[in-house]
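Accompanying notes for the structure given below.
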Amino acid sequence: MDLQELVDAVCADVGGHLGRGRVADYIPALARVDPRHFGLAIASVDGQHAAGGDADMPFSIQSISKVFALTLALDRIGDPLWQRVGREPSGSPFNSIVQLEREQGIPRNPLINAGALVVTDCLLAGGTPDAAIADILAFMRARAHDAAVCVDAEVAASEAETGFRNASLANFIRAFGNIAHPVADVLATYFSQCALSMDCRQLAQAALYLANDGIDPRDGEIVIDAEGARRINAIMMTCGHYDASGDFAFRVGLPGKSGVGGGILAIAPGKAAIAAWAPGLNDQGNSLVGALALERLSRRTGWSVF
Ligand code: GLU
């Protein structure tokens, strides 16, 4: 299959839908993004690359960063992580607090905010937020094979100014003893991680290890063991789109993770990593046109895992 022809065809498929959805408006830096942007990039395990639209325009990856933070935490601490965070879909919005009380401060999964805060707590590992952020950034640059990946300081600062709900979640979890570091440190790290700025090409390249049993095919590096990669894909499939995870599995049939910046990362195991970006969101906070593009791509390729 010619990947560039595929990307061009999918770009044409969604051309009439550009601008649909509502751009996240809880911070100015996201609110001012033009909703008509659309980018798509594919990196395949056999070394092909293809990109279309605004695939070179950096955007705020937001919750897509949770996949990479989970990779780092699993690689570092392994199975004991599952004593602190579950792996069941929540059926709740990304920032919901309701389940936490009933479930004694153990978040449902690592891809909702509550679970991601616990993962970030693991990454702090007794160090400072600056050190943890530097680690995460170094990881992303290495995986993207691009030193241009950076943290958008304006986005991180705005997240901190408006992050009352995340602060509530972190304090609540800490009250149950499931966060070890000072809440301020966990939040500072989490907000910077969410504020990573990347384009579709970088993102597809960075996630390629998830399509290749944990090994980056570009340099042969073992990013995580094969079982870890399989499990991350399973969690992306069941939990990657918050309370719309079932719908994404139904329509696209690939492990995926969305972010409120309008990005969606999808993995076709054994084949490719795909990044789509369109800033307009649907009611569940997932990219409307991004999901549509991935639905078309999955249909054109037959890459659905089902
Ligand atoms: N920074 C956002 C938050 O934690 C990320 C949410 C998302 O991308 O879904 O509220």
Side-chain angles (χ1 to χ4, degrees), residues 21-31 33 35 58-70 85 89-98 100 107-121 123 129 133 136 140 151-173 179 183-198 200 203 207 235-236 238-245 247-248 256-266 275-288 290-291:
R22 236 179 89 101
V23 174
D25 58 3
Y26 68 99
I27 55 173
L30 293 184
V33 178
F59 62 91
S60 194
I61 73 166
Q62 292 292 328
S63 285
I64 298 173
S65 66
K66 292 169 180 167
V67 172
F68 299 100
L70 174 62
V85 61
S90 69
S92 303
F94 68 101
N95 54 8
S96 172
I97 201 166
V98 291
L100 270 181
R108 273 287 173 102
N109 67 68
L111 301 184
I112 52 172
N113 286 16
L117 289 163
V118 170
V119 169
T120 300
D121 185 55
L123 296 183
I133 293 158
I136 296 168
M140 296 310 290
V151 171
D152 184 326
E154 184 198 347
V155 172
S158 302
E159 294 274 355
E161 267 166 42
T162 58
F164 306 112
R165 195 175 261 268
N166 285 315
S168 307
L169 288 168
N171 278 295
F172 205 60
I173 299 168
I179 275 183
V183 163
D185 289 0
V186 175
L187 291 173
T189 310
Y190 173 76
F191 291 141
S192 291
Q193 159 199 319
C194 285
L196 277 163
S197 178
M198 295 175 75
C200 290
L203 203 50
I235 292 170
M236 288 171 75
T238 51
C239 312
H241 281 71
Y242 308 121
D243 44 341
S245 298
D247 189 58
F248 189 80
K257 181 72 203 91
S258 69
V260 286
I264 303 181
L265 172 67
W277 173 55
L281 308 178
N282 63 16
D283 289 344
Q284 285 85 25
N286 302 310
S287 174
L288 197 153

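Atoms within each ligand, like the ligands themselves, are counted from 1 in listed order.
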Query - Protein heavy-atom partner closest to atom 7 (C) of ligand 1 - residue, atom, separation in Å - result: Ser63 OG, 2.6 Å

Query raised in the report: Of all the atoms in ligand 1, which lie at a distance below 4.0 Å from a heavy atom belonging to Glu159?
Result: 1 (N), 2 (C)

**Report entry** Donor-acceptor under 3.5 Å (Arg108 side chain, Pro89 main chain)
**Finding:** yes

**Report entry** Taking every non-hydrogen atom, the tightest pair across Val23 and Leu30
**Finding:** CG1-O, 3.1 Å

Query - Asp283 CG: over 12 foreign heavy atoms closer than 6.0 Å - result: no

Requested in this report: Report, in ascending order of atom number, the atoms of ligand 1 lying under 4.0 Å from any heavy atom of Cys194.
Outcome: 1 (N)

Query raised in the report: Heavy atom of Tyr26 under 4.0 Å from ligand 1?
Result: yes

Query - Closest heavy-atom pair and its distance - Ala195, Ala156 - result: CB-N, 3.6 Å

Query raised in the report: Hey, is ligand 1 close enough to Lys66 that some N/O pair sits below 3.5 Å?
Result: no

Report summary line: Correct closest heavy-atom pair for Trp277 and Gly261 would be NE1-O, 3.0 Å

Query - Nearest-contact summary for atom 2 (C) of ligand 1 - protein heavy atom, Å - result: Gln62 OE1, 3.2 Å

Query raised in the report: So which of Asn113, Asn95, Ile64 gets nearest to atom 10 (O) of ligand 1, if we judge by its closest heavy atom?
Result: Asn113

Report summary line: So the atoms of ligand 1 within less than 4.0 Å of a heavy atom of Asn166 turn out to be 3 (C), 4 (O), 10 (O)

Query raised in the report: Can any side-chain N or O of Asp25 pair as donor or acceptor with the backbone N or O of Pro28 at less than 3.5 Å?
Result: no

Report summary line: Under 4.0 Å from one or more heavy atoms of Gly259, ligand 1 contributes atoms 8 (O)

**Report entry** Smallest separation among heavy atoms of Ser60 and Cys194, with atom names
**Finding:** OG-O, 3.6 Å

Requested in this report: Check each heavy atom of Tyr190 against ligand 1 and say whether those closer than 4.0 Å belong to the side chain, the backbone, both or neither.
Outcome: side chain

Query raised in the report: Looking only at N/O atoms, are Ser258 and ligand 1 under 3.5 Å apart anywhere?
Result: no

Query raised in the report: In terms of side-chain heavy atoms, does Gln62 have a donor or acceptor partner in Glu159 at a distance below 3.5 Å?
Result: yes

Requested in this report: Among all protein heavy atoms, pick out the one at the shortest distance from atom 9 (O) of ligand 1; state its residue, atom name and that distance to 0.1 Å.
Outcome: Tyr242 OH, 2.6 Å

Report task. List the atom of Val85, the atom of Asn109, and the distance in Å for their closest heavy-atom pair. Result -> CG2-C, 3.5 Å

Query raised in the report: With backbone taken as N, CA, C and O and side chain as the heavy atoms from C-beta onward, which portion of Val260 lies under 4.0 Å from ligand 1: side chain, backbone, both, or neither?
Result: both

